[in-house]
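Written below as structure tokens is the structure these notes are about.
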Amino acid sequence: MGRVTQRRTITRVTVTPAPDGPAGVAAKVGPDTLIAEEPLEIRVGPAGTPRPALAVTMRTPGDDLDLAIGFLLTEGIIRSAADVRTAQLCAGDQEANTYNVVDVVLADGVPAPQTDPSRNFYTTSSCGVCGKASIDAVRTRSRFDVAADGIRVAPAVLADLPDALRAGQRAFRTTGGLHAAGLFDAAGRLVCLREDVGRHNAVDKVIGWAARQDRLPLAGHVLMVSGRASFELCQKAWMAGIPVLAAVSAPSTLAVDLAEEAGLTLVGFLRGQTFNVYTGAHRITGLPQT
């Protein structure tokens with residue numbers, strides 16, 4: 001497995017404004033800590049046959065098996081960890097000891113996914129749905145009834161989640177370059193936190209961990225994410241049975257549409273003591289109901 005962080009030499013520049021005349025400039029050469037970003041290839045298929053590459057994602061090394069299992073589950077390829085016979089890191093074909101390949105052997109009776117060009121799973125660290133043939137391809141229906149989840153969350157609990165998420169981000173404190181996804185219970189207690197250069201990868205790592213721990217569906221939980229609330233993150237929450245998704249930034253229109261369709265509570269702009277509730281306000285205690 002690759003390193004999560006790397007040290008590089010940089011030039012740090014400081015500009016000092018001057019009221020009259022040119023600004024002052026100071027430069028200092030020294031080390032800086034950067035977050036690692038490497039490709040991960042996910043190969044999937046039955047035992048006894050060559051397993052083709054299904055997806056390549058740019059990720060931060062670490063928790064790669066959770067990432068692979070979470071990705072397969074949120075894409076609807078598997079229904080639970082029981083659908084996987086084995087999952088292991090391997091070196092790949094080109095370079096020894098890169099460990100940027102996860103080889104997944106499906107359990108007996110689980111159909112292998114199609115790998116034709118019309119369903120291209122190539123993803124990047126910024127957008128997990130780029131490369132899908134159409135938006136319809138990601139409207140995978142979950143087997144969990146999120147709308148029936150009776151969780152209730154106090155506004156004060158939600159307001160504390162961003163600080164709790166940041167406090168758990170070890171790599172972010174040294175690099176400033178990572179997204180995070182945190183799974184919390186209704187009282188705001190942290191259950192699982194994962195970091196990654198990609199928002200969707202961080203969520204897949206959390207969901208993959210939960211699947212391997214036999215915790216699905218994640219009823220009665222809140223998923224807190226850094227960045228915005230995209231359509232794909234709503235889909236992943238729905239596929240894992242998570243009833244509340246909260247984000248520090250804005251949702252998209254498709255994210256709100258999908259959250260409404262799924263019966264998901266969607267919270268955005270969760271910063272400080274304020275936030276917006278876009279869907280499912282009945283789960284937030286003390287709010288007026290419409």
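- Rounding to the nearest 0.5 angstrom, the gap separating the CG atom in L223 from the CD1 atom in I242 is 4.5 Å.
- Hydrophobic clustering (side-chain heavy atoms under 4.5 Å, transitive across Ile, Leu, Val, Met, Phe, Trp, Tyr) keeps L264 apart from V222.
- In this structure, R85 contributes its side chain and D83 its backbone to no donor-acceptor pair below 3.5 Å.
- Residues L190 and V267 share a single hydrophobic cluster, defined by chaining ILVMFWY side chains whose heavy atoms lie under 4.5 Å apart.
- Rounding to the nearest 0.5 angstrom, the gap separating the CG atom in L258 from the CG atom in L233 is 11.0 Å.
- Using a 4.0 Å cut-off between charged side-chain N and carboxylate O, R189 and D185 make a salt bridge.
- One N or O on the side chain of R143 and one on the backbone of R79 form a donor-acceptor pair closer than 3.5 Å.
- Taking the charged nitrogens against the carboxylate oxygens, R194 and D63 do have a contact shorter than 4.0 Å, which makes a salt bridge.
- For the residue pair T285/R152, the side-chain donor-acceptor check at 3.5 Å is not satisfied.
- Across A211 and L73, no two heavy atoms sit closer than the pair CB-CD1, 4.0 Å.
- The list of salt bridge (charged side-chain N to carboxylate O under 4.0 Å, His left out) pairs with a residue in residues 234-248, not counting sequence neighbours, reads D204-K236, E232-K236.
- Side chain of T60 to backbone of A36: a donor-acceptor contact under 3.5 angstrom is found.
- No salt bridge links R7 with D32; every basic N to acidic carboxylate O contact stays at or beyond 4.0 Å.
- Although no hydrogens or angles enter the test, the distance criterion places no donor-acceptor pair under 3.5 Å between the side chain of K205 and the main chain of L65.
- A donor-acceptor pair under 3.5 Å links the side-chain atoms of R59 to the main chain of P39, judged by distance alone.
- Within the 3.5 Å criterion, the main-chain N or O of V244 finds no donor-acceptor partner in the side chain of T265.
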